[in-house]
Amino acid sequence: MISSRYNPAEVENKWYEYWTNQKYFHSEPDEREAFSIVIPPPNVTGILHMGHMLNNTIQDILIRKARMEGKNACWVPGTDHASIATEAKVVQMLREKGIKKGDLTREQFLEYAWEWKEKYGGIILEQLKKLGASCDWDRTAFTMDKERSSAVIKVFVDLYKKNKLYRGKRMINWDPEAKTVLSNEEVLYSMEQSKLYHVKYQIADTDEFLTIATTRPETIPGDSAVAVHPEDPRYTHLAGKKVIVPIIGREIPIIMDEYVDMEFGTGALKVTPAHDVNDYEIGLRHNLDIIDVFNEDGSMSTEATIYLNEDRFIVRKKFAKDLDAAGHILKIEDYQNNVGRSERTNCVIEPRLSLQWYVDMKSLAGPALDAVLKDEVEFFPKNQKNTYRYWMENIKDWCISRQLWWGHRIPAYYYNDEIFVAETFEEAFEQAKLKFPDIALENLRQDEDVLDTWFSSWLWPISVFDGFNDRKELDYYYPTSVLVTGWDIIFLWVARMIMAGYEWEEKRPFNQVYFTGMVRDKLRRKMSKSLGNSPDALKLIDTYGADGVRFGLMSCSPAGGDLLFDEKLVEQGRNFSNKIWNALRLVDSWDVDHTGTANAGNQLAYNWISNKINALAGDIQKNFEEFRISEAVMSIYSFVWNDFCSWYLEMVKPPFGEKIDIQTKENSIDIFSRITSLLHPIMPFITEEVWHLLKHRSEGEDCMLSQYPQPAPFDSVLLDRVEQAKDIITNIRDIRNKNSIKNAEALDVVLLKSERANALISFEGWTELCTKLANLNTITITTDENIAGAAFISGTEKCIVLMQKEIDTEKVIEEKTRELEYQIGFVKSVEAKLNNERFVSGAPATVVDKEKAKLADGLERVKILEEELKRLGNL
RNA sequence: GGGAGAUUAGCUCAGUUGGUUCAGAGCACCUGCCUUACAAGCAGGGGGUCACUGGUUCGAGUCCAGUAUUUCCCACCA
């Protein structure tokens, strides 16, 4: 007995457990074609959010479909150690326990971190299971596990040997909260409201003042010069003079540099080489002192000489007050400027001079750029190619060292000023001994820093198959088939993976990249914790079922475009599940007449839906090829709801209390099964359940292993004929509605005699369908053009519904008149076109023929309408 | 400052190579229905000068130019 209501939670748990027990998600290399996807590894600290759900639903759809198409589908799951984010979490956790990171040794800290990872690191993967993700869980990888770590170390050593890695002292982005350097890609800029302070500097040995404008008065103690433009007439007389740094009292030179914009502020710029990229450049040109006024946590350093150890933003206010009190502030303006913040800690970035490791990216970019431009790696949507191209052509070196503990420790070892790079300490020591035979073991020191998280991520498509150690799996699964990810990490991750792929495999890492958009709320705001507009993913699954959520997300997610999430979408998904469930209940409830055969109507219905599903499979295939997944989803939705439920099932449904012939029942189960297969990748759970409830299946004969329906030839004439039947039925229903005729009241319908009408009515099964769905006594042909009743045109056939009672002719006349006007207009426009010599000679013959046919049809309709109006006495 | 998109129904979006029966879908809306699969439903229906202006063409939602509005990316002037 099938329950009257679908219970997603129960069904979903049951099937997920079954699938995993059967090892259906597991893949091993074999003779079949491989279809592989590597998951964008979520942060080990992460919990499932809408972005993950969208992203992973798409991957699961692609993987399940490929699996059903007979490919050896392998979806590799895993997590990312997320260096900064995780370390921040662990530090916070320790703080709550009253432990300071600074009081721990590296080893002690890492012990806590691993403990934390073991405890919380698997949560997000468990959540993915709730969504139905058919990952090969036996392959679950972690960017810091043995194989992945080994890949990272090997690659570092390899790059160093190839001279594509170097250590350099440069201005970098410093995150004072995490106390580490960040790459440019990890800094997010946004316009923020701030103040522009106009500060007066006294010119040494005079009573004159020079006014500069700055947003950062707290860096004044770090000033090394004041710069003006060499051609600025206001200041040329100051060449060679000095100014006194307010309050601090140091004398610094006035320098001339073309970098200065005369139009901005006062045209005078304070130069703080330690704390601004441009100032640093100026400093180099003029040989200025570098005075670093901040500690690594963003508090004032001893070099600042003031407000020692107080935070930079507090000092900004205090120092501004001091300046004002001393008469140095001319004015303070409101000002919008672009502030860079750490992607992970959201802390304002401090430019800082520092010694770090870099990858020479120009040496890697070439093949990776070509690959995308030539569509060797295909981007969907295409326009992301431009973004990629621009970045690759202007690529900057990648700063990969991080002043953290959680991550891959850099395999660089130092002795005196010498660097030794090797996979192990022992190897490094051997190298060192060659150069310094007397070196003591304890004097060789490993670099304290770890590598950027992305330094392991960029190897992911190779390293998940342990490709740096064993080629067996890699040769089979690599290149992976498609990467599904957000465009926001195109530089951080996608571009670098492509570079790594060509550098170490000389092959693309994936054939295609599908970029998903951001999930936003319906007001287009980003989903965020602070706005509270991000729905709880698991709660959504609880409420609407994983299938409902998957459907909702997919029904409205244009490629590359943002998804404006509205709970209505998943509600529609749940309703769809319900619809399918009820269709199952209907089919299941049919008692079978074993002796009967399908009547002409049922036979036609089956032929029709069967042809229709062939056509549908073609559309779906095409849509998938272009990653138009939401279109594929909606076309199935519409097919199931409209064609299958509203039309097909109504066509064949036996009258209450009657049995159905065995043939039609089996046909219906056959169609329903094909539907569940088509729908399975999108809604895996309910389809599996329905598949098994439709009929008895042998052991292991499951929907997720069934064959995905492939495009097949279809009879378009048949489809047209049934469309016409549907049109007639709809028209009759409309007449019922407009004239308040109960459905129970059977009607008689006549078609005006014509060749086509004759053909129609003799079309096998056609009259049965009309009779059943419109509840007719009869549908016949007449030659009597003046027969009374409610008339309508279907195609070019005039149909008349014979009425028992008088109809409201006024409304009908109005309607018909409007339609006539439209048809006359239409005919005129077609005639005009056909009378246009240039059209007839210029347009292709097929187009002209089409127009002629249109004209003929149009004239026919005009004729019918005119006659009808004449009959109604209004012409 | 440089670049890439977008603008079609109340909302979110399709609309492939220009062909008019090509103005579409879902949701929302309106009307009538608790008709034994389904009110999480059924049947029917009404909504659009395709941002604006010009151009190319026999023909433009579709191609070109300009304008307006807007989103995003990159760079960045303190």
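Throughout, a chain's letter reflects where its sequence line sits, starting with A, and its residues are numbered from 1. Computed from a prediction, not measured in an experiment: that's the story for all the values here. Values below: every heavy atom of this structure, side chains too, minus hydrogens, waters and symmetry copies.
The shortest non-hydrogen separation linking A:V293 to A:P221 is CG1-C, 3.7 Å. Listed here is the closest heavy atom pair of A:M518 and A:D562: N-OD1, 2.9 Å.
Between the C1' atom of B:rU35 and the CG atom of A:L649 lies a distance of 16 Å, rounded to the nearest Å. Following rounding to the nearest Å, A:I741 (CD1) and B:rG32 (P) show an atom-to-atom distance of 17 Å. When rounded to the nearest whole Å, the span between NZ of A:K568 and C1' of B:rG10 equals 13 Å. Taking atom CG on A:D562 and atom P on B:rU12, their separation rounds to 12 Å, with Å as the unit. Taking atom CG of A:L564 as the reference point, atom C1' of B:rA14 lies 16 Å away to the nearest angstrom. Remark: P of B:rC73 and CZ of A:F491 are 10 Å apart, rounded to the nearest angstrom. The interatomic distance linking A:N739 (CG) with B:rU31 (P) rounds to 19 Å, in whole Å. In this entry the distance linking CD of A:E631 with C1' of B:rG15 reads 8 Å, nearest Å.
Across all strands shown, B:rU21 forms no Watson-Crick or G-U wobble pair with both distances under 3.5 Å. Both distances falling under 3.5 Å, in either a Watson-Crick or a G-U wobble arrangement, occur for no nucleotide opposite B:rC34. The partner of B:rG59, taking Watson-Crick or G-U wobble pairs whose two distances both stay under 3.5 Å, does not exist in any strand shown. Shown here, B:rA65 forms a base pair with B:rU53; the pair counts as Watson-Crick or G-U wobble because both key distances fall under 3.5 Å.
Here A:E745 does not pair with A:R736 in a salt bridge; the nearest charged N to carboxylate O distance is not below 4.0 Å. Salt-bridge check for A:D566 with A:K522: passed, with a basic side-chain N closer than 4.0 Å to an acidic carboxylate O. With respect to the salt-bridge test (charged N to carboxylate O, under 4.0 angstrom), the residues A:R496 and A:E185 qualify. A:E350 has no carboxylate O lying under 4.0 Å from a charged side-chain N of A:R352, or vice versa, which leaves the two without a salt bridge. Between A:K833 and A:E851, at least one side-chain N (NZ, or NE/NH1/NH2) sits under 4.0 Å from a carboxylate O, which counts as a salt bridge.
A:E797 meets the side-chain hydrogen bond (donor to acceptor under 3.5 Å, both in side chains) test with A:S754, A:R756; sequence neighbours excluded. With sequence neighbours excluded, the residues forming a side-chain hydrogen bond (donor to acceptor under 3.5 Å, both in side chains) with A:E723 are A:K726, listed by chain and number.
When each of B:rG5, B:rC27, B:rG15 is scored by its nearest atom to the side-chain atoms of A:R628, the top-ranked nucleotide is B:rG15. Proximity note for A:N383 (side chain, C-beta onward) versus B:rA37, B:rG5, B:rC73: the nearest is B:rG5.
A gap of 9 Å separates the P atoms of B:rA9 and B:rU49, to the nearest Å. When the P atom is compared between B:rU56 and B:rU62, the two are found 15 Å apart, to the nearest whole Å. Only the P atoms considered, B:rA14 is 23 Å distant from B:rC74, to the nearest whole Å.
Of the options A:F380, A:F379, A:Y388, a ring-ring contact (aromatic ring centres under 6.0 Å, His included) to A:F515 is made by A:F379 and by none of the others.
For residues 266-280 of chain A, the set of pairs meeting the salt bridge (Lys or Arg N to Asp or Glu O under 4.0 Å) definition, not counting sequence neighbours, comprises A:D223-A:K270.
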Identify each atom pair where a protein N or O and an N or O of nucleotides 23-26 of chain B are less than 3.5 Å apart, giving names and distance.
| residue | atom | partner | partner atom | Å |
| --- | --- | --- | --- | --- |
| B:rG26 | O3' | A:Q572 | NE2 | 3.3 |
| B:rG26 | O2' | A:Q572 | OE1 | 3.2 |
| B:rG26 | O2' | A:Q572 | NE2 | 2.9 |

Would you list the protein and nucleotides 55-62 of chain B atom pairs, both N or O, that sit under 3.5 Å from each other?
| residue | atom | partner | partner atom | Å |
| --- | --- | --- | --- | --- |
| B:rC58 | OP2 | A:R838 | NH1 | 3.3 |
| B:rC58 | O2' | A:N836 | ND2 | 2.8 |

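Considering only heavy atoms from C-beta on, A:S3 comes within 4.5 Å of A:W581 through its side chain. Looking at A:L679 and A:I580, their side chains come closer than 4.5 Å, going by heavy atoms from C-beta outward.
For the pair A:K854 and A:K522, nearest-nucleotide mapping onto RNA chain B gives the more 5' position to A:K522. Between A:N184 and A:K270, the residue whose closest nucleotide on RNA chain B is further toward the 5' end is A:N184.
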**OP:** Between protein and nucleotides 38-51 of chain B, map the contacts as a letter string: B base, S sugar-phosphate only, - none, heavy atoms under 4.0 Å, written 5' to 3'.
**Re:** B-BSSBS-------
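The base of B:rU21 sits with one of its N or O atoms less than 3.5 Å from a complementary donor or acceptor on the side chain of A:R861.
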